[in-house]
Chemist: 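Structure incoming, see below.
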Amino acid sequence: MKLILGGGGSGEQTALSNKLFDEIIDNSKPVLYVPLARDGDYAGCLEWVTGELAGVRKAGIDMVQSGAELAAADLSKYAGIFIGGGNTYKLLKILKETGAFDKIKNYLARGGVVYGGSAGSVIFGRSIDIVKYMDTNDVGLSDLSGFDMIDGASLAPHYTNGNSAETKAATEFLKEYSKNEWIVAIPEENSIFINDGIKVIGTKNWYMFQNGEYKMFDPFPLTF
């Protein structure tokens, strides 16, 4: 299993994550893009991801437009899966209702590569309830459990990328939330890399919340 969980963002913010993705995939195969956290305009999503992954060596980009299409796909033909951002609740509901959730889980268990951004990263934590301060559960999802791939932690993306008031509000929410489970909070410039261990890579400080408190860590590869 090779899993890159990005904090969000695009362009230069994700340069290190994109470089890592390029290094760990079979560059002779295409990448499968999953834009299901978004609403409509998947053509626009494909245009965005084509530019975002322009520096990644690959044999093109294929895109699914439904959970059923993803559940039926032959994932072995792809270098890796890129799961984009949007509404986390919508994304997880689609994956679970169509069987695509188990399909991705099995793909990772067989050594697959997945690169998630924002919502596409949050689903790999313990619970997506962590994003209720920034996302809305308009789809009525009741089972909020994620893939739980971060040693029991939930993942908070986009942390510290807002203004001071937004960061303060997020910090207070995360401190309270961490009384029940621990949290890794990363900015858009950072990502978590899971492969025989868990590392945080990036260019900005990242944070760990636990028991109502938090610690800040320097921006370099760090195993936890």
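If you read the sequence from its start, that first residue is 1, and numbering goes on from there.
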Chemist: Distance-only criterion, 3.5 Å: show the donor-acceptor pairs between side-chain atoms of residues 39-47 and protein atoms not counting sequence neighbours.
Modeler:
residue, atom, partner, partner atom, Å
Asp41, OD1, Gly44, N, 3.1
Tyr42, OH, Arg38, O, 3.3

Chemist: Can you classify the ring geometry of Tyr214 versus Phe209 as parallel (below 30°), tilted (30 to 60°) or perpendicular (above 60°)?
Modeler: parallel
Chemist: Got a sec, which pairs hit side-chain hydrogen bond (donor to acceptor under 3.5 Å, both in side chains) with one end in residues 105-114, sequence neighbours left out?
Modeler: none
Chemist: Minimum heavy-atom separation for Arg126 and Gly152, please, with both atom names.
Modeler: CD-O, 3.5 Å
Chemist: Using every non-hydrogen atom in the two residues, find where Ala59 and Ser28 come nearest and quote the distance to one decimal.
Modeler: CB-O, 3.3 Å
Chemist: Does the side chain of Thr167 reach to within under 4.5 Å of the side chain of Thr171, using non-hydrogen atoms?
Modeler: yes
Chemist: By ring pair (Phe, Tyr, Trp, His ring centres under 6.0 Å), which residues pair with Tyr89, not counting sequence neighbours?
Modeler: none
Chemist: Tell me, with the steps shown, if Phe21 and Thr14 meet side-chain contact (heavy atoms from CB on, under 4.5 Å).
Modeler: CA-CA 10 Å; Phe21 190 48; Thr14 57; over 6 Å; no
Chemist: Do Leu20 and Met149 belong to the same hydrophobic cluster, where Ile, Leu, Val, Met, Phe, Trp and Tyr are linked whenever their side-chain heavy atoms lie under 4.5 Å apart, directly or via other members?
Modeler: yes
Chemist: If I take atom OG1 from residue Thr98 and atom CG from residue Leu36, how far apart are they, to the nearest 0.5 angstrom?
Modeler: 8.0 Å
Chemist: Are Val49 and Leu91 connected in the hydrophobic side-chain network, where two residues link if heavy atoms are under 4.5 Å apart?
Modeler: yes
Chemist: Going through the checks in order, is the side-chain contact (heavy atoms from CB on, under 4.5 Å) test met by Ile94 and Leu70?
Modeler: CA-CA 10 Å; Ile94 290 172; Leu70 177 57; over 6 Å; no
Chemist: Should Ile25 and Leu16 be counted in the same cluster of Ile, Leu, Val, Met, Phe, Trp and Tyr side chains packed under 4.5 Å apart?
Modeler: no
Chemist: Give the minimum heavy-atom separation between Gly84 and Ala37, together with the two atoms involved.
Modeler: O-CB, 4.0 Å
Chemist: Only counting residues at least two apart or in another chain, list the ones meeting salt bridge (charged side-chain N to carboxylate O under 4.0 Å, His left out) with Asp135.
Modeler: none
Chemist: Can you name the nearest heavy-atom pair linking Ser191 to Gly6, along with the distance?
Modeler: CB-CA, 3.7 Å
Chemist: Atom CG of Leu5 and atom OH of Tyr115: how far apart are they, to the nearest 0.5 Å?
Modeler: 10.0 Å
Chemist: Would you tell me whether Ser127 and Lys132 have side-chain atoms, one donor and one acceptor, within less than 3.5 Å of each other?
Modeler: no
Chemist: I need the minimum non-hydrogen distance between Val113 and Ala79, along with the two atoms involved.
Modeler: CB-O, 3.8 Å
Chemist: Using the ring of each side chain (for Trp, its six-membered ring), is Phe101 parallel, tilted or perpendicular to Phe147, with breaks at 30° and 60°?
Modeler: parallel
Chemist: To the nearest 0.5 Å, how far apart are NZ in Lys93 and CG in Asn137?
Modeler: 8.0 Å
Chemist: Taking only residues two or more places apart in sequence, or in another chain, which ones meet Asn195 in a side-chain contact (heavy atoms from CB on, under 4.5 Å)?
Modeler: Lys2, Phe193
Chemist: Quick check on side chain to side chain contact (heavy atoms under 4.5 Å, CB included): which of Thr88, Leu144, Leu155, Leu174 does Ile130 satisfy it with?
Modeler: Leu174
Chemist: Distance from Leu92 atom CG to Glu97 atom CD, nearest 0.5 Å?
Modeler: 10.0 Å
Chemist: Would you mind checking if Lys168 and Glu172 are paired as a salt bridge, meaning a charged N to carboxylate O distance below 4.0 Å?
Modeler: no
Chemist: So, using ring pair (Phe, Tyr, Trp, His ring centres under 6.0 Å) as the criterion, who are the partners of Tyr78 when residues are at least two apart?
Modeler: none
Chemist: Compute whether any side-chain donor of one residue and acceptor of the other, for Thr203 and Glu189, lie under 3.5 angstrom apart.
Modeler: no
Chemist: Return the minimal non-hydrogen interatomic distance between Thr160 and Pro187, and the atom names on each side.
Modeler: OG1-CB, 3.8 Å
Chemist: Working to the nearest 0.5 angstrom, can you tell me the gap between Trp206 CH2 and Asp218 CG?
Modeler: 10.5 Å
Chemist: Rounded to the nearest 0.5 Å, how far apart are CD1 of Ile192 and NZ of Lys199?
Modeler: 13.5 Å
